[in-house]
Number of protein chains: 2
Amino acid sequence: MPRKVDHKLRREAFLAAAYRTIKKKGLEGVTFRAVAREAGFTTGALVHYVDSIDKLLVESSEYAARYVRDDMEAMEALPDRLESLRQVIYLSLPLDEERRGNWNFWMGFWERSVRNATVRKLTHTRYGEWLGRLEHLIRMAQEAGDLADDIDVKRATKTCVALVDGIAAQTLRSGYPLSADEQRKIMDDWIVAALRPTRPLSAERIERPRRPRSNGSHPREAELAKAV
Amino acid sequence: MPRKVDHKLRREAFLAAAYRTIKKKGLEGVTFRAVAREAGFTTGALVHYVDSIDKLLVESSEYAARYVRDDMEAMEALPDRLESLRQVIYLSLPLDEERRGNWNFWMGFWERSVRNATVRKLTHTRYGEWLGRLEHLIRMAQEAGDLADDIDVKRATKTCVALVDGIAAQTLRSGYPLSADEQRKIMDDWIVAALRPTRPLSAERIERPRRPRSNGSHPREAELAKAV
DNA sequence: ACCCTTTCGAAACAGGCGTATAATATAACA
DNA sequence: TGTTATATTATACGCCTGTTTCGAAAGGGT
């Protein structure tokens, strides 16, 4: 009965558009009108797929989190526990344009969560996930004998999260951005000084698997291409 | 000819009201109407003292920075270079309600600076000041022989700023706030592990001088009190 | 052929925003 | 006792927001 449109797919297109909008303009600039324009539709169409701005924010954050999680799980599967930890930390840093956008997105939630209960709840959930993931990794590395065994894992976790958050803030907001090398060096230094690994960190760089990520595209373009 | 009102004083009262509003509601909630209401006036009166919202933000940030700077300069005057550094770092942490308010204020600037050039410029200036102040302190401590002398001061400075920013973000936004003790322990651990002091950190607590700070008051109340 | 449901655009609504303007109150000076 | 400059309120304007409403287009089921 409907116009032949894959509901779920189009919905995703709107979430992707919301994500792109936030990356570009910050969370303050996310309006129904802006997201709809970014997606190539009008507000009416957008509202058809998502009820409220709050839900749009929540779902677009879940959309964004999926990819990050996938990358992280790949790194967690590495046999080397120490390297596994280090690579997951690297994945959380604002090293390249894509991840800086991700951080722009995330930092928007920091401010929005002051006044918006829905966003606040979501922010807390994501923090909980991230703290849990990191604590588990540190504990695994410790149990594998890769780290000194007198380390306070919980405090180390919080310190690491703080360091990463702070690097992101400084890189994206201070006007004195840290280069990718600098960011990695800071985290390596911290790992060595605070976690005291029982063996040196590997010197070679592990490249992140680069999945195709149709993120910059305009949903309407694909549609047009198919029509031709 | 004017109604006997100290222009400069009333202006300050509005800046204080702006500061209180931001502390409470975050920077997104700062509007002419909200600030005027907080001060006990109407928007017209506020506009009479400050031209635009941008300038209000800039000036209220300077208002806030004054007090912090005063405290820090007091600690910088300590004879013990190592303790001086440590106490200034402590002053920058969200340890108590007052400073958490301060951080709420500051983090508002992070988001606002994405879209607002005036706020962005100001944020960069403040970061520059803070980085410079901290770098100077670390260098002084190193030259006094209190720190290992093979430390990369610039990188240590950036790391310290990141750690403090991250502690603030985690404490105010994550839903898993760090206690005052935890914050101090994290920073002490970092000082020991990363800066490698040549003597142990002092165990006793130095209390911050508590100046009277008429910050919570309603400007209209003082006026009324004087009238009676 | 007709209906019925989904998709989408266009427009309108109330409310909040920054800002401008006019009117009123008030104190100091002539 | 006016006159005048300032402080303050009240109100209005235009813009943008989230959200709602209405209507047109489109295709499958009967």
Side-chain angles (χ1 to χ4, degrees), chain A residues 1-14 17-18 21-22 25-60 108 111-112 115-119 218-220 222-224 226-227, chain B residues 1-14 17-18 21-22 25-60 108 111-112 115-119 218-220 222-224 226-227:
Chain A
M1 308 139 181
R3 276 209 255 182
K4 59 167 183 182
V5 168
D6 185 332
H7 193 88
K8 205 172 158 188
L9 208 75
R10 173 130 304 169
R11 190 187 169 78
E12 288 257 324
F14 277 116
T21 308
I22 299 174
K25 306 206 202 177
L27 211 134
E28 240 185 306
V30 173
T31 67
F32 268 141
R33 286 167 179 83
V35 172
R37 199 176 323 121
E38 170 76 30
F41 291 84
T42 58
T43 68
L46 173 50
V47 169
H48 187 70
Y49 290 94
V50 52
D51 313 330
S52 73
I53 266 281
D54 273 7
K55 290 191 182 163
L56 176 63
L57 291 177
V58 171
E59 301 199 47
S60 73
E111 173 70 4
R112 191 84 159 212
R115 321 218 13 175
N116 184 322
T118 310
V119 171
H218 209 248
R220 229 76 205 267
E223 199 169 278
L224 284 173
K226 210 166 71 179
Chain B
M1 305 141 182
R3 274 213 257 182
K4 59 165 184 183
V5 168
D6 185 333
H7 194 87
K8 202 173 161 189
L9 208 76
R10 175 131 302 170
R11 189 189 171 76
E12 288 257 324
F14 276 117
T21 308
I22 298 173
K25 307 206 202 176
L27 211 132
E28 239 184 306
V30 173
T31 66
F32 269 138
R33 285 165 177 84
V35 172
R37 199 178 320 120
E38 169 75 31
F41 292 83
T42 57
T43 66
L46 173 51
V47 170
H48 188 69
Y49 290 93
V50 51
D51 314 329
S52 73
I53 269 280
D54 273 8
K55 289 191 182 162
L56 176 64
L57 292 177
V58 171
E59 300 200 46
S60 73
E111 173 69 6
R112 190 85 159 213
R115 317 214 22 174
N116 184 321
T118 310
V119 171
H218 209 247
R220 229 75 202 266
E223 202 168 277
L224 284 173
K226 212 166 67 179

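Order of the sequence lines fixes the chain letters, A, B, ..., with proteins taken first and strands second; residue numbering starts at 1 for each chain. From a predicted model like this one, the values you see are computed outputs, not experimental measurements.
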query: With respect to the phosphate group of dC8(C), does any side-chain polar atom (N or O) of Tyr49(A) fall under 4.0 Å of OP1 or OP2?
result: yes
Set of residues satisfying side chain to side chain donor-acceptor pair (under 3.5 Å) with respect to Glu28(A), sequence neighbours excluded: none
field: Atom-to-atom span, CG of Asp54(A) to P of dT17(D) - whole angstrom
entry: 16 Å
task: Using atom CZ of Phe14(B) as one end and atom P of dA7(D) as the other, report the distance to the nearest whole Å.
output: 11 Å
Partner residues of Thr21(A) under the side-chain contact (heavy atoms from CB on, under 4.5 Å) criterion, sequence neighbours left out: Val30(A), Ala34(A), Val35(A), Glu38(A)
- prompt: Which whole-number value in Å describes the distance from Leu56(B) CG to dT19(C) C1'?
  reply: 14 Å
field: Gap separating the CZ atom of Arg37(B) from the OG1 atom of Thr42(B), nearest 0.5 angstrom
entry: 11.5 Å
statement: Picking from dC8(C), dA10(D), dT7(C), the nucleotide nearest the side-chain atoms of Ala45(A) would be dC8(C)
message: Using the side-chain heavy atoms of Ser52(A), tell me which of these nucleotides is nearest: dT8(D), dT19(D), dC8(C).
response: dT19(D)
query: Just how far is it from atom CG of Leu56(A) to atom CZ of Phe32(A), taken to the nearest 0.5 Å?
result: 6.5 Å
message: Distance check needed: dT8(D) P versus Arg11(B) CZ, whole Å only.
response: 14 Å
query: Under 4.0 Å: is that the gap between some side-chain N or O of His48(B) and OP1 or OP2 of dA7(D)?
result: yes
query: Which pair of heavy atoms, one from Glu111(B) and one from Leu27(A), lies closest together, and at what distance?
result: OE2-N, 3.1 Å
- prompt: Please give, in whole Å, the distance from dT19(C) P to Asp51(B) CG?
  reply: 9 Å
For nucleotides 11-17 of chain C, give me every protein contact, N/O to N/O, under 3.5 Å, one pair per line with atom names.
{"unit_1": "dA12(C)", "atom_1": "N6", "unit_2": "Arg33(A)", "atom_2": "NH2", "d": "3.4"}

- prompt: Once you build an axis from the first five pairs and another from the last five of the helix from dC3(C)-dG28(D) to dA30(C)-dT1(D), how far apart in angle are they, to 10 degrees?
  reply: 30°
message: Between C1' on dA7(D) and CG on Leu9(B), what's the gap in Å once rounded to a whole number?
response: 15 Å
task: Quickly work out the His7(B) NE2 to dT6(D) C1' distance and round it to whole Å.
output: 10 Å
Return all side-chain donor-acceptor pairs below 3.5 angstrom for residues 45-54 of chain A, not counting sequence neighbours, or 'none' if the list is empty.
{"unit_1": "Asp51(A)", "atom_1": "OD2", "unit_2": "Lys55(A)", "atom_2": "NZ", "d": "3.2"}
{"unit_1": "Ser52(A)", "atom_1": "OG", "unit_2": "Lys55(A)", "atom_2": "N", "d": "3.3"}
{"unit_1": "Asp54(A)", "atom_1": "OD1", "unit_2": "Asn116(A)", "atom_2": "ND2", "d": "2.7"}
{"unit_1": "Asp54(A)", "atom_1": "OD2", "unit_2": "Thr118(A)", "atom_2": "OG1", "d": "3.2"}

- prompt: Rounded to the nearest Å, what distance is computed from the CZ atom of residue Phe41(B) to the C1' atom of nucleotide dA7(D)?
  reply: 9 Å
